[in-house]
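Chain naming here is simple, since letters A, B, ... match the order of the sequence lines and numbering starts at 1 in each. Only a predicted model underlies this, so the values are computations on that prediction, with no experimental measurement involved.
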2 protein chains.
Amino acid sequence: MNEQTAIPVEDGTESVPGKTRDALRAAHLYYMQDLTMDAIAHELHTSRSSVSRLLSHARASGLVEISIHSPLDLPSRIEQEILERFAVGAHVIPVPDHASDVDRLDRVALSAARILGRYVDSNQTIGIAWGSTMSAMSRHLVPKATHNSEVVQLNGAGNGRTTGIVYASELLRRFGDAFGARVQQFPVPAFFDDPETRRAFWRERSTRRLLDLQERMDVALFGVGSPFAEVPSHVYQGGYLERADYEGLSREGAVGDVATVFYRADGSTDGISLNERATGPDFAVLRRAPRRICVVSGRAKLASLRGALAAGLITDLIVDEGTARALVESPGEQESPGERESPGERVSPKDRE
Amino acid sequence: MNEQTAIPVEDGTESVPGKTRDALRAAHLYYMQDLTMDAIAHELHTSRSSVSRLLSHARASGLVEISIHSPLDLPSRIEQEILERFAVGAHVIPVPDHASDVDRLDRVALSAARILGRYVDSNQTIGIAWGSTMSAMSRHLVPKATHNSEVVQLNGAGNGRTTGIVYASELLRRFGDAFGARVQQFPVPAFFDDPETRRAFWRERSTRRLLDLQERMDVALFGVGSPFAEVPSHVYQGGYLERADYEGLSREGAVGDVATVFYRADGSTDGISLNERATGPDFAVLRRAPRRICVVSGRAKLASLRGALAAGLITDLIVDEGTARALVESPGEQESPGERESPGERVSPKDRE
DNA sequence: GCCATCCTTGCACGTTTGTTCACCCGGCTT
DNA sequence: AAGCCGGGTGAACAAACGTGCAAGGATGGC
């Protein structure tokens, strides 16, 4: 993977500057001058198809940036309300209510990936959790050139067996590539079997170095896990947790997790025994990051989201419209008809949010 | 929805907020989530056509902003060189060399109109010259909401007889509309017949008020006139000047004008008699504006542009590629095969400009 | 030097998008 | 009430666009 990644960094910027220059020129002609691709092809002495591809490249590589400004008089009621109620900056992604959870996640992740660039800058350390949301995001990142940035993995992971979830290394690499950042992997499982192993590991110098990075990070990016929802977060599908673990979580009142660390509805974590074996950062550490961006999609994660908000983990929230509406609609949970239960029994094929 | 026609200002912003909201949502779905218009039509319960129109509206009204970032390692050699040689920020508009002057002007104007938004802000006074370049720009402005801004006409004008050049009032109105700014017309001819009339007029209180505004303006926007070029600027077509005037200009060494005020190649204006009858601001006044944006297209205007640069009139230059290249290529003029000559002989039917 | 491989190109096709047209609907005039 | 707008709508068509594919060229290993 080394030799492969060593060069492609230059691929877009230097080794083929001609391509980038052409793309830039094509973008000018297309987006600033409204020429047709045909006309551009003619000006560039190439074919229309190539122009189409050049423009795709220009968009995908961040040469062209498309942003949407709400006129200041209607700045999305919901975002406004979330800001007031939770003191959290919100991006509400419009997604129709009837969309499937997969669609919803994809669309939120796509939008989130495009928004992310605004938060990332040079000389920053960016902490990234491992999960299905991050995985989906990683596929759509828009590159942005930064210097001296670092991407650090927040929690361990096994390999992703679930469809579409990508290995942690691959995921991190994508983020790193997109921002030209160094990548710090965290090669541990999501959960240790034995708390003692974790403690021992935490004393290792290599681990300490990584934890140090986590403590100094400027931006944290994560989703929330929702162990008791109809569509459990991938962490719960990968076989990381046993039935006994779920029962423990249920008994201890956990409603969700951020980067494998579980919390209750009120945001507290103390006494949740599984956390002894988790690999993600303690919330006290997480909260040191000035920017903490949370990406959530699906009403199933509502309770988790509420908990994460209560824990003060979030400074910026990217969330689908339905969930956002539910979030502001009523303070308590009127969502789940049944009370918590082990997810083992759930096989309901209902895919409505 | 109260009174639809009563207040056209509200038409786009408040009286039909539904349309703007739909446009906004469509834009999100299209540009952030890459949905097809079909899909969006379905989500919005309308037809594809309407979505297409909605998106057009979103772009035309500035809801969607498309910007192009050069990667910092290749910031257009030419722009860089112009910055170094003339201490002027440049936007070079790519236009093929074989394009007609009309095309060239249109394309530069289109790009310029889209760039302009970056320079305009609230609480500003924006001075605008009257000419073919400004006219072309006025047709493509992207609205940007500002408060308490003012658009003030820099020089007088007759009515535009040349095809495609629009009345000064219409031109100003377009700028004013685009930025939600008040408009201050300057109802005088481009040139007075008698210097004395001008002086008298300048003593009028209403005139003084306008001149006051000009002195306090934050942004000036203008083209350059090129009286001795193959394609004379409109000012020279409208019958404003007589053959004798041209001869005088020629004798006195004028190479161009900004807002009806003429200058020599070295930027000097003293002793150019026509300026006694001009209606545009003295360069000393013009130079008070912190931002002075000049839009130029066509090599014919090269000498004028050089003069305007020498006069220190320009802080930001928007120029087509060919002219930019010529500008940096050689210090002197190697452009015009023939020396200056009176344009009276020119009746080339090559279309307006 | 030669081959395997990867990347790029232009064509051809199917899809997506812009635009014209006929039509409808509410408002205001006569 | 009839009649004329101006603005908006969807159907249909033409233009513009994206992409799979096969061919051509470069690159690097052997």
Please round to the nearest 0.5 Å and tell me the distance separating atom CD of B:Q124 and atom OG1 of B:T146. 8.0 Å
If you measure from OG on A:S50 to NE2 on A:H45, what distance do you get to the nearest 0.5 Å?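 Result: 13.5 Å between the selected atoms.
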Euclidean distance, atom [atom1] of residue [X] to atom [atom2] of [N] [Å, nearest integer]:
{"X": "A:L35", "N": "D:dC17", "atom1": "CG", "atom2": "C1'", "answer": "15 Å"}
{"X": "B:H42", "N": "C:dT16", "atom1": "NE2", "atom2": "P", "answer": "15 Å"}
{"X": "B:D38", "N": "D:dC17", "atom1": "CG", "atom2": "C1'", "answer": "15 Å"}
{"X": "A:L44", "N": "C:dT8", "atom1": "CG", "atom2": "C1'", "answer": "15 Å"}
{"X": "B:D22", "N": "D:dG8", "atom1": "CG", "atom2": "P", "answer": "12 Å"}

Salt bridge or not for A:D34 and B:R114, using N-O below 4.0 Å?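 Yes, charged N to carboxylate O under 4.0 Å.
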What pairs with A:S56 under side-chain hydrogen bond (donor to acceptor under 3.5 Å, both in side chains), at least two apart in sequence or on another chain?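 A:R59.
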Under a 3.5 Å distance rule, please check whether B:T133 uses its side chain to pair with a backbone N or O of B:A109 as donor and acceptor. no
Compare side-chain N and O positions of B:T46 against OP1 and OP2 of D:dG10 and report whether any pair is under 4.0 Å apart.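 For D:dG10, OP1/OP2 do have a side-chain N/O of B:T46 under 4.0 Å.
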With a 4.0 Å limit, can you tell me whether B:T36 has a side-chain N or O closer than that to the phosphate oxygens OP1/OP2 of C:dT17? yes
Pairs: protein N or O with nucleotides 18-20 of chain C N or O, under 3.5 Å:
| from | atom 1 | to | atom 2 | distance (Å) |
| --- | --- | --- | --- | --- |
| C:dG18 | OP2 | B:S52 | OG | 2.9 |
| C:dT20 | O4 | B:R53 | NH1 | 3.4 |

Pairs satisfying salt bridge (charged side-chain N to carboxylate O under 4.0 Å, His left out), at least one member in residues 38-47 of chain B, at least two apart: A:R107-B:E43, B:D38-B:R48
